[in-house]
Amino acid sequence: MVDPSPSPSVDDPAKDDRTDATTGEQTGLDRFGDDKRVVAVRVDGETWDLSRPIPDGAAVEPVLIDSPDGLAILRHSAAHVAAQAVQSLHPEAKLGIGPPITDGFYYDFDLADPFTPESLREVEKVMQRIVKERQRFRRREVTDTEAAAELADEPYKLELIADKSRVAEDVVVHVGDGDGSGDASSVEVGAGQLTIYDNLKRDDSVAWFDLCRGPHVPHTGYIPAFSITRSSAAYWRGDQANKQLQRVYGTAWPSRDELKAYEFRLAEAARRDHRKLGAELDLFSFPDELGSGLPVFHPKGGVIKREMEDYVRRRHIEEGFDYVGTPHISKEGLFHTSGHLPYYKDTMFPPMELEGSSYYLKAMNCPMHNLIFRGRGRSYRELPLRFFEFGSVYRYERSGVVHGLTRVRGLTQDDSHSYVTPEQAPGEIRHLLDFVLGLLRDFGLDDYYLELSTRGDSDKFIGSDEEWAVATAVLEEAALGSGVPVVPDPGGAAFYGPKISIQTRDAIGRSWQMSTIQYDFNQPARFGLEYQAADGTRQQPVMIHSAKFGSIERFIGVLVEHYAGAFPPWLSPVQVVGVPVAGEYVPYLVEVADRLRTAGIRVEVDDSDDRMQKKIRNAQKEKVPFMLIAGGDDVAAGAVSFRYRDGTQKNGVPVEEAIREITDAVAARVQV
RNA sequence: GCCGCCUUAGCUCAGUUGGUAGAGCGACGCUCUCGUAAAGCGUAGGUCGUCGGUUCGAAUCCGACAGGUGGCUCCA
């Protein structure tokens with residue numbers, strides 16, 4: 001840990017002026033002020049500024065700068081510095097909110113002109129000056145009226161003050177979840193006491209102030225390493241109906257070394273970006289002529305796609321699913337029956353008019369599977385009845401959200417629907433969750449969590465309270481029993497029922513929904529699905545939607561980033577490259593390659609005019625897992641030089657042995 | 001959809017204050033026959049995303065559209 005204060009021995013303004021210390025009690029600075037890694041104290045579970053007097057007998061712990069709370073405090077203080085800098089450069093800028101988020105902070109401003117890269121550099125310069133000034137953060141408790149008077153020129157702050165009573169959540173420091181969202185109002189004000197934080201210069205004049213719950217670091221000198229990273233527009237309070245504000249994003253760290261390490265991590269992540277690797281490895285592309293969000297898979301990407309499809313088809317059959325097939329378009333009535341059309345008309349491709357009917361490209365497969373279920377009478381003996389297919393669906397995603405393979409307009413779901421009795425539903429859901437977790441394990445993914453999407457208090461859903469309660473309880477029990485971390489997502493359910501989804505993050509930390517399991521009691525009712533029970537009565541089944549990969553396209557994108565293109569051998573588009581030391585050894589390697597190909601291995605022999613070094617380099621750049629190199633010595637010995645992707649090698653390996661090792665590695669589905 | 005930025009050869013990029021384009025890699029050809037991450041030489045390839053405007057003249061300035069991109073909103 002590098003000392004965050006550039007000159008700790010110099011007089012610390014916070015130490016000789018404690019306006020809060022009216023009672024003569026000890027403050028956090030008295031206790032911990034010598035240790036610049038301490039940025040706050042926890043007093044009876046609340047996080048306090050170091051300058052606040054600590055009541056006698058209270059339990060007090062230091063909050064270290066590199067703890068999650070400490071980092072959030074550092075970043076929140078950095079947000080104040082950014083805001084002060086922006087308002088000093090643009091006095092007309094009105095303040096929005098400025099919370100800490102993962103790795104950094106943002107601050108929103110109502111500003112006539114958007115920030116430019118140049119103006120952001122200006123902001124950064126002023127911030128550096130403010131940090132150098134070591135402005136002290138002073139906390140002041142104020143009444144609503146006082147706050148409103150002081151912030152009379154800040155309309156957004158006034159709105160927060162007016163809304164204070166609505167905010168019940170008692171959040172001391174809000175740590176963002178990485179996607180930049182977060183309940184804004186809980187960050188700046190909470191229930192009860194309002195506080196204003198002043199930034200004081202050396203002469204105690206107020207350089208800047210903001211309505212804020214705090215806490216903050218003692219002075220701006222505690223913010224040694226930061227940068228402004230980007231700007232963007234953001235709707236006030238996250239509502240599209242509100243005005244767009246200009247948001248400045250920044251990052252802040254306890255030391256320059258940590259800032260550098262963070263920047264290095266970002267650069268590494270950019271190297272893994274599936275859009276970049278997809279082009280470099282010749283896996284897929286997005287031809288302009290097709291339109292936005294419509295990928296084509298090249299032969300090498302096609303191999304990965306086919307391996308995934310083969311895997312998941314085989315597994316579905318093993319798990320008792322029937323493979324079905326449905327068309328890409330349907331008359332619109334089907335989507336009225338299912339209830340989708342009113343909800344998703346705007347995000348479906350517009351209808352085609354034909355012979356007096358409107359046809360839609362399907363955006364989901366479930367209605368068609370329902371028609372198969374309804375195709376004849378069903379008995380309770382058939383249940384669970386499970387349908388599975390690769391369903392290509394088309395969704396007119398808005399232009400601003402299309403993103404590589406992770407958000408496309410045409411995608412293939414490995415979509416399945418299980419029709420079960422209500423009693424069978426819990427068991428089926430556990431079964432599907434096991435299926436999904438096994439699949440993720442087989443593909444080597446380990447960084448994910450479950451999201452439990454429920455109705456919350458939104459009213460955009462159909463079905464009775466009781467049905468929702470039952471469905472939610474069933475999913476919740478399965479999710480909590482899985483051993484995987486579960487994150488609640490109130491309000492995130494499908495309109496027809498709650499869901500469990502697997503969420504994973506891409507190279508730059510954005511999270512994406514992968515597998516889903518949804519409990520649906522609505523569509524069976526809307527389609528009039530029924531089965532004959534043992535007692536001869538007609539009963540309505542529950543349907544459970546599940547997609548194991550989710551979208552094949554998105555899963556490929558995540559796989560590319562997870563492996564940085566170096567796929568496990570069984571998924572590698574080319575598993576083995578033969579590299580002859582010179583042209584005359586090509587026939588020998590072709591013979592070895594033929595034997596590998598017979599064993600089901602994807603193998604190529606590089607018979608180009610390049611030198612062997614170049615061929616090794618090319619295979620290495622293509623991230624081929626195995627290279628077999630052969631020259632005169634090898635031919636004489638009936639052997640090959642075996643080179644792995646990590647650069648290690650074994651010379652003089654008998655051909656038999658090399659073939660066995662490769663086929664074993666491919667069959668084992670392991671990473672090498 | 002909203003705000004900002006970007007678009008020059010297959011790829012990665014240069015192109016000074018407006019005066020109709022360059023490099024490296026790749027491709028192709030020739031020479032070299034080579035032992036663990038780039039042999040040498042040569043050739044081809046671009047109406048500078050599209051359309052319109054300003055100008056004697058536009059890759060360069062302005063506008064619209066398309067595609068991409070960073071966020072916001074959305075995500076069955």
Side-chain angles (χ1 to χ4, degrees), chain A residues 106 108 111 113-117 119-120 179-181 229-249 273 275-276 279-280 282 285-293 335 338-341 343-344 346-348 362-367 393 395-404 406-407 413 415 453 460 492-497 499 501 508 510 512-513 516 518 520 523 545 547 551 554 579-586 609-621 627-634 641-644 647-651:
Chain A
Y106 67 79
D108 288 343
L111 194 58
D113 296 313
F115 292 99
T116 63
S119 69
L120 289 179
D179 58 4
S181 69
T229 48
R230 57 175 177 262
S231 64
S232 81
Y235 298 103
W236 167 239
R237 295 191 137 183
D239 188 338
Q240 214 171 348
N242 289 339
K243 184 164 186 180
Q244 271 198 335
L245 306 181
Q246 300 301 323
R247 176 170 296 178
V248 170
Y249 282 95
D273 192 307
R275 294 164 300 183
K276 181 177 156 64
E280 283 176 11
D282 198 15
S285 62
F286 296 87
D288 281 2
E289 292 84 345
L290 284 179
S292 179
F335 302 117
S338 70
H340 284 99
L341 205 52
Y343 286 89
Y344 303 114
D346 291 344
T347 44
M348 289 175 76
K362 69 176 171 182
M364 68 293 296
N365 305 297
C366 31
V393 299
R395 297 173 180 180
Y396 193 74
E397 301 285 3
R398 291 192 289 169
S399 56
V401 307
V402 169
H403 180 93
T406 43
R407 193 82 179 263
Q413 296 178 309
D415 205 1
S453 300
K460 69 166 185 171
F495 72 89
Y496 47 71
K499 73 179 176 194
S501 60
I508 50 178
R510 285 178 286 218
W512 297 99
Q513 173 181 297
T516 60
Q518 304 174 11
D520 185 357
Q523 286 197 57
H545 309 240
S551 142
R554 176 178 290 177
V579 175
V581 168
E584 62 184 289
Y585 309 114
V586 167
D609 285 342
D610 290 324
R611 284 180 166 38
M612 70 166 292
Q613 285 86 342
K614 182 67 173 295
K615 295 179 181 183
I616 289 169
R617 178 181 155 84
N618 287 342
Q620 199 76 44
K621 275 170 55 183
M627 269 179 252
L628 299 183
I629 299 163
D633 298 346
D634 300 293
S641 271
F642 203 121
R643 184 184 160 115
Y644 298 88
T648 59
Q649 52 172 311
K650 292 191 293 196
N651 292 330

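Chain identifiers are assigned alphabetically (A, B, ...) following the order of the sequence lines, protein sequences preceding nucleic acid strands; residue numbering begins at 1 within each chain. The basis for the numbers below is simple: all heavy atoms, side chains too, and nothing from hydrogens, waters or symmetry mates.
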Does [X] reach a base, just sugar-phosphate, or nothing at all? Heavy atoms under 4.0 Å.
X: A:Ala582; result: base
X: A:Gln613; result: sugar-phosphate
X: A:Gly497; result: nothing
X: A:Thr347; result: base
X: A:Asp610; result: nothing
X: A:Gly647; result: nothing

[N] and [M]: how far apart are their [atom1] atoms, nearest whole angstrom?
N: B:G42; M: B:C32; atom1: C1'; result: 15 Å
N: B:G49; M: B:U60; atom1: C1'; result: 16 Å
N: B:C75; M: B:U7; atom1: P; result: 33 Å
N: B:U50; M: B:U8; atom1: C1'; result: 15 Å
N: B:U43; M: B:G4; atom1: C1'; result: 43 Å
N: B:U54; M: B:G18; atom1: C1'; result: 12 Å
N: B:U16; M: B:A21; atom1: C1'; result: 14 Å
N: B:C62; M: B:C6; atom1: P; result: 10 Å

Check this one for me: any side-chain N or O of [X] less than 4.0 Å away from OP1 or OP2 of [N]?
X: A:Arg510; N: B:G70; result: yes
X: A:Arg275; N: B:U69; result: yes
X: A:Ser399; N: B:G1; result: yes
X: A:Arg247; N: B:G4; result: no
X: A:Lys499; N: B:A76; result: yes
X: A:His403; N: B:G68; result: no
X: A:Tyr249; N: B:C72; result: yes
X: A:Ser292; N: B:G68; result: yes

Just the rounded figure in Å: distance from [atom2] of [N] to [atom1] of [X].
X: A:Glu397; N: B:G68; atom1: CD; atom2: P; value: 13 Å
X: A:Lys614; N: B:U33; atom1: NZ; atom2: P; value: 18 Å
X: A:Met348; N: B:A76; atom1: CE; atom2: P; value: 14 Å
X: A:Glu280; N: B:U12; atom1: CD; atom2: C1'; value: 10 Å
X: A:Asp288; N: B:C65; atom1: CG; atom2: P; value: 17 Å
X: A:Gln244; N: B:G71; atom1: CD; atom2: P; value: 15 Å
X: A:Arg611; N: B:G35; atom1: CZ; atom2: P; value: 9 Å
X: A:Tyr585; N: B:G35; atom1: OH; atom2: P; value: 9 Å

Write down the partner of [N] under the Watson-Crick or G-U wobble criteria, each distance required to be under 3.5 Å.
N: B:C61; answer: B:G53
N: B:C74; answer: none
N: B:U36; answer: none
N: B:U7; answer: B:A66
N: B:G42; answer: B:C28

Just by modelled atom types, is the A:Tyr249 backbone N or O under 3.5 Å from a matching donor or acceptor in the A:Thr229 side chain?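 Yes; at least one donor-acceptor contact below 3.5 Å.
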Give a yes or no on whether the backbone of A:Val402 and the side-chain of A:Arg407 come within a donor-acceptor separation of less than 3.5 Å.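 It does not hold such a pair.
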Given [options], which nucleotide is nearest the side-chain atoms of [X]?
X: A:Tyr496; options: B:A76, B:C2, B:C3; value: B:A76
X: A:Gln518; options: B:A38, B:G67, B:A76; value: B:A76
X: A:Asp634; options: B:U36, B:A37, B:G35; value: B:G35
X: A:Val401; options: B:G35, B:C74, B:A37; value: B:C74
X: A:Lys621; options: B:G70, B:U33, B:A37; value: B:A37
X: A:Ile629; options: B:U36, B:U73, B:U33; value: B:U36
X: A:Tyr344; options: B:A76, B:U36, B:G26; value: B:A76
X: A:Ile616; options: B:A76, B:U36, B:G26; value: B:U36
X: A:Ser232; options: B:A37, B:G70, B:A76; value: B:G70
X: A:Gln240; options: B:U73, B:U36, B:G35; value: B:U73

Measuring only between side-chain heavy atoms, which start at C-beta, is A:Tyr344 closer than 4.5 Å to A:Phe495?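 In short, these two side chains touch, coming nearer than 4.5 Å.
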Residue pair A:Ser292 / A:Glu397, side-chain heavy-atom distance below 4.5 Å: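 Counting from C-beta outward, A:Ser292 and A:Glu397 never come under 4.5 Å.
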Does A:Asp273 come within less than 4.0 Å of A:Arg275, counting only side-chain N to carboxylate O?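 Salt bridge present between A:Asp273 and A:Arg275.
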Write down the atom of A:Leu341, the atom of A:Met348, and the distance for their closest heavy-atom approach.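 Reported closest heavy-atom pair: CD1-SD, 3.7 Å.
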Indicate whether the side chain of A:Gln620 and that of A:Arg643 have a donor and an acceptor atom separated by less than 3.5 Å.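 Per modelled atom types, A:Gln620 and A:Arg643 side chains form a pair under 3.5 Å.
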Quick check: are there more than 12 heavy atoms from other residues, nucleotides or ligands sitting under 6.0 Å from NZ of A:Lys650?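 More than 12 within 6.0 Å, yes.
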Only one of A:Asp520, A:Thr516, A:Asn365 passes side chain to side chain donor-acceptor pair (under 3.5 Å) with A:His545; say which it is.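 Testing each of A:Asp520, A:Thr516, A:Asn365 against A:His545, the sole residue satisfying side chain to side chain donor-acceptor pair (under 3.5 Å) is A:Asp520.
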